[in-house]
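Step one of this worksheet: look at the structure below.
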Amino acid sequence: MTAPLFSGRARRSVAALGAVSAGLLLLSACDKPTPLATVTVGTTTASAEAACHDGKELSMDKVQECLTNLKDAKTVEYTRGDTLRLGVEPEVVEDGKKWQAVLDGQPITEPSSNTYRSFPGADVFATGGEGEAPASKKLAFVQVGEDGKPLSVWSFNLKLK
């Protein structure tokens, strides 16, 4: 008769250690997530990773595609007169980088190295007397390098309540 080399408890411990090691190996192969951008209206907050981020400068065609093709963009409801708060993680503005807000393809802020902007009572759905307001607008954050070239784009939808 032969004796088992490992007891049942020892086999389970080795199996658990192997599973943890395999999990760590898989995690190390994953890409590092991009920093988050956040939109807050009233008590509703939505955060998202960059919709477009290649780790290098984005072409203008790619930026345009990112600003218009918002399939997975998070939606935040907006009531006229609400305070619109926009924020980015500190990593977005490190090493001389800046970010700016873009509404329906038009910049609404200058590039900034601040991590937070607030627009109390802003009416982002104002039409200037040119007909009825749209039901939603596309809001994006564009990260730019020291040279002003786009590096990343975060996308959101603002929906009029």
Side-chain angles (χ1 to χ4, degrees), residues 20 23-161:
V20 168
L24 289 174
L25 181 63
L26 286 173
L27 284 175
S28 68
C30 295
D31 290 332
K32 180 181 172 193
T34 61
L36 297 176
T38 303
V39 175
T40 301
V41 177
T43 58
T44 304
T45 298
S47 295
E49 286 188 35
C52 296
H53 175 80
D54 294 335
K56 58 185 188 258
E57 180 184 314
L58 298 174
S59 70
M60 290 315 265
D61 289 339
K62 182 69 173 174
V63 171
Q64 192 61 35
E65 178 185 324
C66 295
L67 292 175
T68 57
N69 191 13
L70 305 179
K71 290 181 224 160
D72 299 326
K74 299 209 176 164
T75 299
V76 178
E77 289 190 340
Y78 181 86
T79 302
R80 291 175 191 263
D82 279 349
T83 297
L84 178 64
R85 295 176 180 88
L86 310 176
V88 296
E89 290 187 336
E91 296 166 54
V92 173
V93 294
E94 287 178 346
D95 303 323
K97 296 177 189 133
K98 296 181 178 187
W99 68 280
Q100 76 182 118
V102 177
L103 187 65
D104 280 348
Q106 299 299 315
I108 59 171
T109 65
E110 293 294 321
S112 173
S113 58
N114 295 327
T115 59
Y116 176 79
R117 299 287 306 260
S118 178
F119 304 93
D123 189 358
V124 297
F125 285 91
T127 62
E130 296 180 20
E132 193 173 328
S136 67
K137 290 206 172 205
K138 297 171 183 174
L139 176 67
F141 298 23
V142 178
Q143 178 191 39
V144 294
E146 287 183 275
D147 57 2
K149 306 272 176 147
L151 303 171
S152 302
V153 178
W154 292 260
S155 301
F156 297 89
N157 284 315
L158 288 179
K159 182 180 175 188
L160 185 60
K161 270 190 193 177

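The model shown is predicted, which means the values in this text are computed figures rather than measured ones.
Residues T83 and S118 come closest through the heavy atom pair CG2-OG, 3.5 Å. The two residues L67 and A140 make their nearest non-hydrogen contact at CD2-CB, 3.4 Å. Here the shortest heavy-atom pairing between A73 and S155 reads CB-O, 3.6 Å. For the pair P33 and E49, the tightest heavy-atom approach, listed with the atom from each and the gap, is CB-OE2, 3.4 Å. A101 and T109 get closest at one heavy-atom pair: N-OG1, 2.8 Å.
With rounding to the nearest 0.5 angstrom, the OG1 atom of T75 is 7.5 Å from the NZ atom of K159. For the atom pair CG (N157) and NZ (K138), the distance works out to 7.5 Å, reported to the nearest 0.5 Å. Separation of atoms CG (D95) and OG (S113) is listed at 12.5 Å; rounding is to 0.5 Å.
With hydrogens and angles ignored, the 3.5 Å screen pairs no side-chain donor or acceptor of T40 with any backbone N or O of R85. Between the K62 side chain and the C52 main chain, no donor and acceptor come within less than 3.5 Å of each other. Not a single donor-acceptor pair under 3.5 Å links the side chain of E77 to the backbone N or O of K161. Formation of a donor-acceptor pair under 3.5 Å by the D147 side chain with backbone atoms of K149 is found in this model. Q143 places no side-chain N or O within donor-acceptor distance of the main-chain N or O of L151, the cut-off being under 3.5 Å. A donor-acceptor pair under 3.5 Å is absent between the side-chain atoms of D123 and the main chain of G81, judged by distance alone. With hydrogens and angles ignored, the 3.5 Å screen pairs no side-chain donor or acceptor of S152 with any backbone N or O of A50.
Counting only heavy atoms from C-beta outward, the side chains of L158 and F125 approach each other to under 4.5 Å. Between L139 and V124 the shortest side-chain heavy-atom distance does not fall below 4.5 Å. Residues K74 and S47 are not in side-chain contact: their nearest non-hydrogen atoms beyond the backbone lie 4.5 Å or more apart. Side-chain contact between W154 and V88 is absent, with no heavy-atom pair separated by less than 4.5 Å. Side-chain contact between V92 and T115 is absent, with no heavy atoms from C-beta onward closer than 4.5 Å.
Heavy atoms of other residues, nucleotides or ligands lying less than 6.0 angstrom from NZ of K97 number more than 12. Remark: E110 CD is loosely packed, at most 12 non-hydrogen atoms of other residues, nucleotides or ligands lying under 6.0 Å away.
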R80 and L160: CA distance, side-chain angles, deciding distance, side-chain contact (heavy atoms from CB on, under 4.5 Å) verdict: CA-CA 8 Å; R80 291 175 191 263; L160 185 60; 4.0 Å; yes
Check step by step if side-chain contact (heavy atoms from CB on, under 4.5 Å) holds for L84 and V39. CA-CA 7 Å; L84 178 64; V39 175; 3.9 Å; yes
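Classification of the F141-W99 ring pair by plane angle, with boundaries at 30° and 60°, yields parallel.
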